[in-house]
Amino acid sequence: MIKVIICKDYNEVSDRAAEIMLDVVKNNPKAVLGLATGSSPIGLYQRMIKDHQENGTSYANITTFNLDEYVGLEQEHPQSYYTFMHQNLFNHIDIKKENVNIPSVQGDDMQANCDAYNELLSKQKIDLQLLGIGSNGHLAFNEPGTPFDSVTQVVDLKQSTIQDNARFFDDDMSKVPTQSITMGIKNVMDAKKILLVASGKNKADAIYQTVKGEVSTDCPASILQKHPDVTVVVDEDAASLL
Ligand code: GLP
């Protein structure tokens with residue numbers, strides 16, 4: 001069942017998403033959070049930081065798992081998801097370094113990196129999985145056509161995703177990595193609770209297919225219809241086709 005919350009703008013999306021996130025963290029200080037990158041969760045992360053600073057909500061016993069990472073970027077690259085997460089959240093809260101998990105893309109053996117991440121995930125249940133969505137309906141970097149039973153793997157990015165993400169690489173598609181390591185759709189569906197945030201007209205079709213479309217690998221996010229506890233928080237533009 002997907003519960004849809006329609007908000008007037010991005011700020012309200014971030015407010016509502018933060019309420020859901022903080023409810024989990026405050027009720028379970030040892031919660032395991034699945035976290036996402038992209039522009040969609042930034043407002044939510046800002047609210048988590050503000051709440052940590054003002055109300056002292058602690059992340060000392062929280063564990064996090066990030067969804068994905070670009071293959072071919074050093075950890076310190078300004079556009080790596082490692083850098084993104086530290087700049088936008090981890091550097092500003094009291095989370096312990098050893099409790100932060102982001103797929104490693106270091107070394108030569110990407111399959112071994114995927115296996116290690118799957119192994120870690122198999123030992124913990126994610127309490128709340130945060131998601132954005134690609135304009136083509138991708139979840140993390142699980143592009144259209146990805147089997148629903150996929151687990152952490154190396155994937156090739158679709159041309160449309162490279163184009164969407166070029167804005168972070170000086171608008172130069174040739175600078176965007178062509179592969180990533182991503183948690184699979186099964187890993188996402190194993191979470192107890194899922195929170196998807198999206199805003200803007202370019203997400204409207206993907207949100208329509210996710211909430212009302214046929215469940216099909218053509219839109220990876222449509223599988224969320226089969227999960228028992230999903231909340232989609234969207235602005236009016238992203239909800240415009242519902
Ligand atoms: C990337 C990420 C996805 C994210 C998507 C949307 O492709 N791998 O996890 O959901 O971008 O990003 P944005 O929120 O910037 O639109």
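Position 1 is the first residue of the sequence; numbering continues from there. The figures that follow rest on heavy atoms only: side chains count, while hydrogens, waters and symmetry mates do not.
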Kindly check if the number of other-residue, nucleotide or ligand heavy atoms within 6.0 Å of CD (Glu98) is above 12?
yes
Main-chain N/O of Thr210 paired with Gln225 side-chain donor or acceptor, under 3.5 Å
yes
So does Asp190 pair up with Lys186, basic N to acidic O under 4.0 Å?
yes
Counting distance only, does the side-chain N/O of Asn113 pair as donor-acceptor with the main-chain N or O of Gln106 below 3.5 Å?
yes
Test item: side-chain donor near acceptor, Asn202 and Ser135, under 3.5 Å
no
Identify the two heavy atoms, one from Pro41 and one from Ala36, that lie closest to each other, and give their separation to 0.1 Å.
CG-O, 3.6 Å
Using side chain to side chain contact (heavy atoms under 4.5 Å, CB included) as the criterion, point out the one residue from Leu128, Asp229, Val232 that pairs with Leu195.
Leu128
Which of these passes side chain to side chain contact (heavy atoms under 4.5 Å, CB included) with Leu33: Thr63, Ile126, Val24?
Val24
For the CG atom of Asn165 and the CD atom of Gln163, what is their distance to the nearest 0.5 Å?
10.5 Å
Is Pro147 close to Thr217 at the side-chain level, that is, under 4.5 Å between some pair of heavy atoms?
no
In this structure, would Val71 and Phe169 fall into the same cluster of hydrophobic residues linked by side-chain contacts under 4.5 Å?
no
Verdict with supporting geometry, Phe168 and Val176, side chain to side chain contact (heavy atoms under 4.5 Å, CB included):
CA-CA 8 Å; Phe168 300 112; Val176 184; over 6 Å; no
Ignoring hydrogens, what is the shortest heavy-atom contact between Ala221 and Ile133? Give both atom names and the distance.
CB-CD1, 3.6 Å
Taking all heavy atoms of Val13 and all of Val234, pick out the closest pair and write down the distance.
CG2-C, 3.5 Å
Does one hydrophobic cluster hold both Val155 and Met183, with members joined at side-chain heavy-atom distances below 4.5 Å?
no
With distance as the sole test, does Asp170 use its side chain to make a donor-acceptor pair with the main-chain N or O of Asp172 at under 3.5 Å?
no
Can a donor-acceptor pair be found between the side chains of Arg16 and Asn11 at a distance below 3.5 Å?
no
With the side chain counted from C-beta on, respond yes when Leu241 and Asp205 share a heavy-atom pair under 4.5 Å apart, and no when they do not.
yes
Side-chain heavy atoms nearer than 4.5 Å, only ILVMFWY residues, links allowed to pass through others: does that put Met85 and Met21 together?
yes
Going by an N to O cut-off under 4.0 Å, is there a salt bridge joining Lys8 and Asp237?
no
Between Thr83 (side chain) and His77 (backbone), is there a donor-acceptor pair under 3.5 Å?
yes
Would you find more than 12 non-hydrogen atoms of other residues, nucleotides or ligands less than 6.0 Å from Lys3 atom NZ?
no
Does Lys226 have more than 12 heavy atoms from other residues, nucleotides or ligands lying within 6.0 Å of its NZ?
no
Nearest 0.5 Å, please: how far is CD1 in Ile185 from CZ in Phe148?
6.0 Å
Between Gln111 and Asp115, a side-chain donor and acceptor under 3.5 Å:
yes
On a heavy-atom basis, the closest approach of Ser14 and Gly43 is OG-CA, 3.4 Å
Atom pair CG (Leu89) and CG (Leu44), whose distance is rounded to the nearest 0.5 Å:
8.5 Å
Might you point out which heavy atoms bring Lys158 and Glu143 nearest each other, and give the distance in Å?
N-OE2, 2.8 Å
Can you find a heavy atom in the side chain of Leu131 that is under 4.5 Å from one in the side chain of Val197?
no
Using distance alone, with no hydrogens and no angle criterion, decide if Thr152 and Asn118 have a side-chain donor and acceptor under 3.5 Å apart.
yes
Is the backbone N or O of Leu157 less than 3.5 Å from a side-chain atom of Thr161, with the two atoms forming a donor-acceptor pair by type?
no
Donor-acceptor pair, side chain of His227 and main chain of Ile223, under 3.5 angstrom:
no
Could you tell me the separation between the OG atom of Ser240 and the CD1 atom of Ile6, rounded to the nearest 0.5 Å?
9.5 Å
Heavy atoms, side chains only, cut-off 4.5 Å: are Pro144 and Pro220 in contact?
yes
Tell me, do His52 and His92 make a side-chain contact under 4.5 Å, heavy atoms counted?
no
Would you say Thr182's side chain and Ala140's backbone share a donor-acceptor pair under 3.5 angstrom?
no
Hey, quick one: are Leu73 and Tyr117 part of the same hydrophobic cluster, counting side-chain heavy atoms closer than 4.5 Å, chains of contacts allowed?
no
Examine the side chains of Asn55 and Thr57 and answer whether a donor and an acceptor come within less than 3.5 Å of each other.
no
Closest approach of Ser150 and Asn142, non-hydrogen atoms and distance?
OG-OD1, 3.8 Å
Check: His138 main-chain N/O paired with Asn136 side-chain donor or acceptor under 3.5 Å:
yes
Just wondering, do Phe84 and Ile42 contact through their side chains at under 4.5 Å, heavy atoms?
yes
Kindly assign one of parallel, tilted or perpendicular to the pair Tyr81 and Tyr70, based on the angle between their ring planes and the thresholds 30° and 60°.
tilted
Hey, is CD on Glu74 packed in by over 12 heavy atoms from elsewhere, all under 6.0 Å?
no
Does any non-hydrogen side-chain atom of Val233 lie less than 4.5 Å from one of Ile20?
yes
Here the gap from Asn187 atom CG to Asp149 atom CG, rounded to the nearest 0.5 Å, amounts to 10.5 Å
Using a 4.5 Å cut-off on heavy atoms from C-beta on, say whether the side chain of Glu214 contacts that of Cys219.
no
Mind checking whether Leu35 and Tyr59 sit in one hydrophobic cluster, side chains of I, L, V, M, F, W, Y counted as touching below 4.5 Å?
yes
Does any N or O in the side chain of Ser216 come within less than 3.5 Å of the main-chain N or O of Asp218, such that one atom is a donor and the other an acceptor?
yes
Going by an N to O cut-off under 4.0 Å, is there a salt bridge joining Lys193 and Asp127?
no
